[in-house]
Visitor: 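First the structure, then my questions, so here it is.
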Amino acid sequence: MHERVSYMLSEQMESKRLAMLLVVLLRLGGRLCEGCLEEERTALFQLKPFFSFIDVGFYSIGEKDRSWNCCEWERVKCNLITKRVTHLFLNDSNIIIFEDVEPSWDMIYTKPTNDLYYYSWRNKMKFWYLNASLFLPFKELHMLSLSGNSIVGCVHNEGFEKLSLEFNKLEILDLSYNNFNDSILSSLSELSSLKSLNLANNLLTGTNPVNDKNGPKLNKLEVLDLSENMLNNSIFSSLGALSNLKYLYLYHNKLKGRIHMKDLNSLRYLKELDLSDNKVTEFVPSQGKGEMGLIKLEVLALTDNHLNNDVFPSLAALPNLKSLYLDGNRLAGQIHIKDLNALKYLEELGLSGNGMTGFAPSQAELRLMNLKVVDLGDNLFNNTILSSLAGLSNLKALTLWNVRGSIDMNDGLRNLEELHMSCYSGCTFNLHPPLLPSLKTLSLKGFSFNLTTVASPSHNKWQILANLVDLILEDSSLPLNFIPTLSSLKYLHLSSCYVNDSFFMHERQNLRNLEELLLEYSSLPSNFIQVIGPLTSLKKIYSPLPRNVNQSLSDFCTMTNLRELFFSGNNLKGSLPMCFSNLTSLEKLDLSFNDLSGNMSALKSLASLQWLDLSFNDLSGNMSALKSLASLQWLDLSYNKLQIPSSLGYLFNLSKLQYLSASNNIIYVDEMHSVAPRFQLREISLSCCGNGGSFPQFLYHQHDLVDVTLSHIHFKVNQFPFWLLENNTNLKRLHLVNCSLSGPFQVPFPSHLVLEDLDISNNFFSGNIPTEIGAHLPSLSSLNMSKNDFNGSIPSSFGDMSSLQILDLSNNQLFGGIPEHFAWGCSLLEILALSNNTLQGPIFSTNFSLMSLSQLQLNGNNFSGMIPNALSNCSFLGTLDLSNNYLFGKIPSWIESMYSLSTFDVSRNQLSGRIPQWMGNTSNLGQIDVADNHLQGLIPRAFCNLNRQLQFLDLSMNNFSGILPSCFKPSNIEEVYLSKNMLQGPLPNAFRKSSFLVTLDLSYNHFSGHIPNWISNLSQLSYLLLKRNHFEGEIPIQLCKLPHLSLIDLSMNNLSGGIPSCLKVTALNKVPDHYSWISYNFLGANRSISIEESIEYTIKSRSYTYKKRILQYMSGIDISCNKLTGEIPHEIKNILMLYTLNLSHNSLIGPIPRAFSNLRDIESLDLSYNNLTGNIPPEYALLHFLQYFNVSYNNLSGKTPEKIGQLGTFDESSYVGNPFLCGSLAGKNCSPIAPPKAPSDGAKDHGFIDMDAFYASFFACYIVVLLCIGAVLYINPYWRQAWLYYVQMTINSCYYFVMDNLPRNFGC
């Protein structure tokens, strides 16, 4: 009866539960079937203006789902039953300068992934205040991450205290990597449900207590992270109320001196304490009676402090300590064993990076029976340290970096499972059986193994490592038998090891269980696969760039279980072997950067292949072998000679393919496919060359594209493919460089919220840049529209692109000024290039917030005014190019504080005054160009401070005078331009040790003295220009020791003596790597913007300016207008690729060398105004490239050459002034000629013009024109300034033209 009643009661209770559950389900109703609650979905949309990641991360599942179930959005996690939001991952939503981090549900604490840029991060982000009330709709929120969002605080009365009544389930709050100060603490103290609080990397100083003693307590808080703040020792007194705290992190603060344990006594449940990276010198235990102290503390991290050996006795007061980390402190000498034995429960001990030498006393024994992990690396231990550790019977992991001497592994450490050791220098490794029976991982670096320390094959000492699973050997020298029968070995890693030619033992190794083989930069014989085999269990081979390997791919065919084969850069040759069809388990194959040829037919049977990289080889044929690789996801065929159809028809059935790179192959237009491909690509790169027709049809069917590069294919399309953006809402990167696209640039509709990188440079787009571009592409961080035909003004909507970091609008036809809204809104902009447009007006207004600029290029415009003071706030500015504008005034003084400035170019402006002394104080300044201004005075001695970093100096076309400072000796300089100034004195020793100097241009100055002999020290010198100075003496034969000389101009000096017979020049076939000219790699990882200057050189009796991109293809010698004597040396005939030779206006004698006919490439030959005798060699007719030939004003005789070949193109002016020449080109016959008749006087005809009236009217008109011009210039100051600048330029040009050409007509 009792059982029956109990059964009925239980049935009733179960019915009630079911009824209650049904009521709950009915009440929730349709809201559950729609996914997340409507109010929470609406609240997420309201967070969009503050968290930019919402647009990107939350909607990655596709357009069709974006308005419904927010529980499926990334960075959102919901309760599976109630569908209410429980986790929000809003971390790093505003950080765009770091690498992307894929979010995951366990991502609670994050930090920026690139430490290099972290310290400039706070200055580059937009700081803002948080309205915590926006999170009120999320009633069941359990975890909230707001890390890395540049938040500086909360809106007044809208802080976290507003959540205290509603948020009774919030347990985890992450506010790390923001800019909160101490005021946030009082707001957080109201969140009584918190168990974990992360405030790492903020601006906390400890002036306000963490927990207000008069208000509600954070009694449930168990985890508190205050790392990387500015807290001092007073922080401990404010932690007393956190009675349940278990984990406390104070890494990298301003703690220093003594830390008293009594200040932490109230934290009786504390298990883990991290005080690393501070300046703690002493850890003082509690002294009072009855004080329990940190009795439950298990983990204590004191790494990177200033503790010494006295710390060990004070740690004895921590009875339950299991993990102790004292790495990187000031421990030195010997450590007393009794102090360590007091920590009897210790399991992990870190003492690396100190100055320890051992343990004392030596006869004592370490009795830490629970110790399992010990790190003693980077100390001063010798080989006796192992005997001190022999008593640690339970030790499982030991690290000993940089030990010294021979290592003898004697009996002991029988339970050791991991051993990591490296040698300081000259170490050997000896093993004695039966040692290390439990060892599973052995890592040795820098040891030497030889036959004296490793036994013969029959008694191999390695056999004692019977259970070894992982063997890692780095920087070691290995013997014949270094790998014995290790039947348990699964992982073998050889890095930078040397293996002798015989390799291993004579018999094959028994490595039947080996699964992974890594061979990095090791010297291996070509038969190592044959000797080490059979490797029947091998699953992965990784061998990047080993030394001296010429492996045959057929050796891998027997490894039927192989899943991953990485043999990149191994000098593999030949074709892919057909036996590759045996590797049916292969999933990843990387044979890139080899010399493979032939087709890919051997791969058609690899049905399991998912990842294939054959880039940078010499493969040919088509892609038909790939159409059967149904599992393929990642494919890289770039830089081969493959036939790639633009339709990608061979790949249409590869439904899993997501990544494709086939750039730099032979891409051809094939028939368009009407069917849609089965794949949905995420990334595609088909950059190449030639004609691509219209855009491939398969692109119209792609909807998941993230990265698209189709550069250098000439499409026959007259509009921008905006449909590519509209179809692919997740597209982040689009590059269409040099695609012959034309027409107007169209923006997508609706706005594309994800695109970050757009490059349409070097096309034919025209018209205005759309005024609404900022609203339609708001997320752009990089935009390159350079080298097009855009006109109009710069749209102010660029200022709406708050994430923009790189903008290049150079080489267009834009006009107007720089919009004020743009200069104010793009606060993250780092690179701005507006070069070579027709922009005008002042550069920047007072409303300027481009504080993050690192490169500013405004050259080649019509900007006027002074260099703006607004740039003084750009502390990261590294490149400033304002050249070729109409700027005036002086070089501003604020440049002295620009510590990041490396390139300064203000050439071709109207700047005046002197070069400031402080310019030499800029520590990173390496390139200076102030050419073609109105600067004057002496070159400042402060330039001596730039001796180490200066690489480029151009002071030409100014009015500098005096001598170079004696202390100015730039050792790393590559290019020097000082021409067209008034510098004087002997050639200084400034460049005596400039061994990297490529160009030295001192022409058009007043330098005097001899050309110094130390010029032979300039081993890289290619261009030596000393024209129109006052040098005297002989041409030094040391010039013959310069192997890279390409251009020599010593004309218009007072040089005497003969021409050195060894003098030679060599045309450069390519630009050397150390030449510095503008190389604007827009998105490259290493952007270097340098200055390219022109060189003036006289050819064909005229002076021309040449860019060095042209000069690399020519060579020449000009020593004209001197006092040279003697004969022309015949050795000049041996100069290869000599293009121009000018020996005119000297006193040279003797015949014209017949051997000059060997100068097959010469284009200009000038021997005029000398005392040459003899005939003109008829062989010169074979000089087919000769365009200028002048032998006038010599004493040549005989008949002028026949008008055949190239000599037939020259007239009488080439031969005039030679009285003994005859022939048609000399103006007289070679036979006697009758004297000509005197001309008869004739009547003068003055014509029909009244000359008096003509002169009067002309004079009146001339006066009227001058008055009109003067009136206009008086009214318009801008035109007046431009006119005066034009007049000055005309005077300079006329002057230098006369100076260049006067000697040709009237002597030097």
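Just the heavy atoms: all of them, side chains too, but no hydrogens, waters or symmetry mates, feed the values below. Values in this document were obtained by computation on a predicted structure and should not be read as measured data.
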Visitor: Decide yes or no on side chain to side chain contact (heavy atoms under 4.5 Å, CB included) for Asp225 and Leu199, but give the supporting numbers first.
Guide: CA-CA 6 Å; Asp225 192 344; Leu199 288 169; over 6 Å; no
Visitor: Any side-chain heavy atom of Asn91 sitting closer than 4.5 Å to one from Asp174?
Guide: no
Visitor: With rounding to the nearest 0.5 Å, note down the distance linking CG in Asn924 to CG in Leu901.
Guide: 8.5 Å
Visitor: Roughly how far apart are Leu302 CG and Leu255 CG, rounded to 0.5 Å?
Guide: 10.5 Å
Visitor: Is Leu442 close to Ile472 at the side-chain level, that is, under 4.5 Å between some pair of heavy atoms?
Guide: no
Visitor: Looking at side-chain heavy atoms only, is the closest gap between Asp375 and Asp327 below 4.5 Å?
Guide: yes
Visitor: Checking Asn354 side chain against Leu326 main chain: does a donor-acceptor pair fall under 3.5 Å?
Guide: yes
Visitor: Check the pair Leu395, Val374 against side chain to side chain contact (heavy atoms under 4.5 Å, CB included), reporting the backbone distance first and the verdict last.
Guide: CA-CA 8 Å; Leu395 192 64; Val374 174; 3.5 Å; yes
Visitor: When you measure from the side chain of Asp339 to the backbone N and O of Ile337, does any donor-acceptor pair fall under 3.5 Å?
Guide: no
Visitor: Would you compute the distance between atom NZ of Lys372 and atom CG of Leu398 and round it to the nearest 0.5 angstrom?
Guide: 16.0 Å
Visitor: Determine whether Met369 and Arg367 make a side-chain contact, defined as any pair of heavy atoms from C-beta on separated by less than 4.5 Å.
Guide: yes
Visitor: Any carboxylate oxygen within less than 4.0 angstrom of a Lys/Arg side-chain nitrogen, looking at Arg258 and Glu282?
Guide: yes
Visitor: Kindly indicate, with the supporting measurements, whether the criterion side-chain hydrogen bond (donor to acceptor under 3.5 Å, both in side chains) is fulfilled by Asp378 and Asn402.
Guide: CA-CA 6 Å; Asp378 293 309; Asn402 291 331; 2.5 Å; yes
Visitor: So, Ser176 and Ser147: side-chain donor and acceptor under 3.5 Å apart, yes or no?
Guide: yes
Visitor: Looking at Ser827 and Met851, would you say the former's side chain and the latter's main chain have a donor-acceptor pair under 3.5 Å?
Guide: no
Visitor: Can you name the closest pair of heavy atoms from Ile235 and Leu239 and give their distance?
Guide: O-CG, 3.3 Å
Visitor: Leu250 and Phe236: which non-hydrogen atoms are nearest, and at how many Å?
Guide: CD1-CE2, 3.7 Å
Visitor: So do Leu376 and Ser352 actually touch side chain to side chain, heavy atoms under 4.5 Å?
Guide: no
Visitor: Does the side chain of Asp304 pick up a donor-acceptor pair with the side chain of Ser276 at under 3.5 Å?
Guide: no
Visitor: List the atom of Ala360, the atom of Gln334, and the distance in Å for their closest heavy-atom pair.
Guide: CB-OE1, 3.2 Å
Visitor: Taking all atoms of both residues into account, what is the closest heavy-atom pair of Asn202 and Asn178, and its distance?
Guide: OD1-C, 3.0 Å
Visitor: Tell me, with the steps shown, if Leu188 and Leu173 meet side chain to side chain contact (heavy atoms under 4.5 Å, CB included).
Guide: CA-CA 10 Å; Leu188 295 173; Leu173 179 60; 3.6 Å; yes
Visitor: Check the angle between the aromatic planes of Phe138 and Phe135 and answer parallel, tilted or perpendicular using the 30° and 60° thresholds.
Guide: tilted
Visitor: Treating Asn131 as the side-chain partner and Ser133 as the backbone partner, does any N or O pair qualify as donor plus acceptor under 3.5 Å?
Guide: yes
Visitor: What pairs of residues pass the side-chain hydrogen bond (donor to acceptor under 3.5 Å, both in side chains) test when at least one of them lies in residues 311-326, not counting sequence neighbours?
Guide: Tyr325-Glu348
Visitor: Do Tyr345 and Glu298 get their side chains close enough for a donor-acceptor pair, meaning under 3.5 Å?
Guide: no
Visitor: Can you tell me how far CG of Leu270 sits from OH of Tyr247, rounded to the nearest 0.5 angstrom?
Guide: 9.5 Å
Visitor: How about His493 and Glu474: does a side-chain donor come under 3.5 Å of a side-chain acceptor?
Guide: no
Visitor: Looking only at atom types and distance, does a side-chain atom of Asn379 sit under 3.5 Å from a main-chain N or O of Met356, one as donor and one as acceptor?
Guide: yes
Visitor: I'd like to check Lys445 versus Cys423 (side-chain heavy atoms, cut-off strictly below 4.5 Å). Are they in contact?
Guide: no
Visitor: Between Glu228 and Tyr177, is the side-chain hydrogen bond (donor to acceptor under 3.5 Å, both in side chains) condition met? List the steps.
Guide: CA-CA 9 Å; Glu228 298 183 272; Tyr177 292 91; 3.1 Å; yes
Visitor: Got a salt bridge between Lys195 and Glu222, using NZ or NE/NH1/NH2 to carboxylate O under 4.0 Å?
Guide: no
Visitor: To the closest 0.5 Å, what do you measure between CG (Leu828) and OG (Ser803)?
Guide: 6.5 Å
Visitor: May I ask you to decide if Leu331's main-chain N or O and Asn329's side chain share a donor-acceptor pair within less than 3.5 Å?
Guide: no
Visitor: When you compare the side chains of Ser187 and Glu161, does any donor N or O come within less than 3.5 Å of an acceptor on the partner?
Guide: yes
Visitor: Check for a donor-acceptor pair, side chain of Asn394 on one end and backbone N or O of Asn415 on the other, with a separation under 3.5 Å.
Guide: no
Visitor: Quick one, Asn305 and Thr281 - any side-chain contact, counting heavy atoms below 4.5 Å?
Guide: no
Visitor: Closer than 3.5 angstrom, by distance alone: can the side chain of Asn232 be matched with the main-chain N or O of Ser234 as a donor-acceptor pair?
Guide: yes
Visitor: With rounding to the nearest 0.5 Å, note down the distance linking CG in Leu185 to CG in Leu197.
Guide: 8.5 Å
Visitor: Describe, in one word, how the ring planes of Phe359 and Phe381 are oriented to each other, choosing from parallel (under 30°), tilted (30 to 60°) and perpendicular (over 60°).
Guide: parallel
Visitor: Hey, are the side chains of Phe283 and Leu300 touching, using non-hydrogen atoms and a 4.5 Å cut-off?
Guide: yes
Visitor: Please walk me through it: do Leu175 and Phe180 pass side chain to side chain contact (heavy atoms under 4.5 Å, CB included)?
Guide: CA-CA 8 Å; Leu175 301 177; Phe180 289 113; 3.8 Å; yes
Visitor: Does any N or O in the side chain of Asn308 come within less than 3.5 Å of the main-chain N or O of Asp310, such that one atom is a donor and the other an acceptor?
Guide: yes
Visitor: Does NE2 belonging to His420 count more than 12 external heavy atoms closer than 6.0 Å?
Guide: yes
Visitor: Which heavy-atom pair separates Leu368 from Asn341 by the least distance, and what is that distance?
Guide: CD2-CA, 3.8 Å
Visitor: Where is the tightest heavy-atom contact between Leu294 and Asn265, given as atom of each residue plus distance?
Guide: N-OD1, 4.4 Å
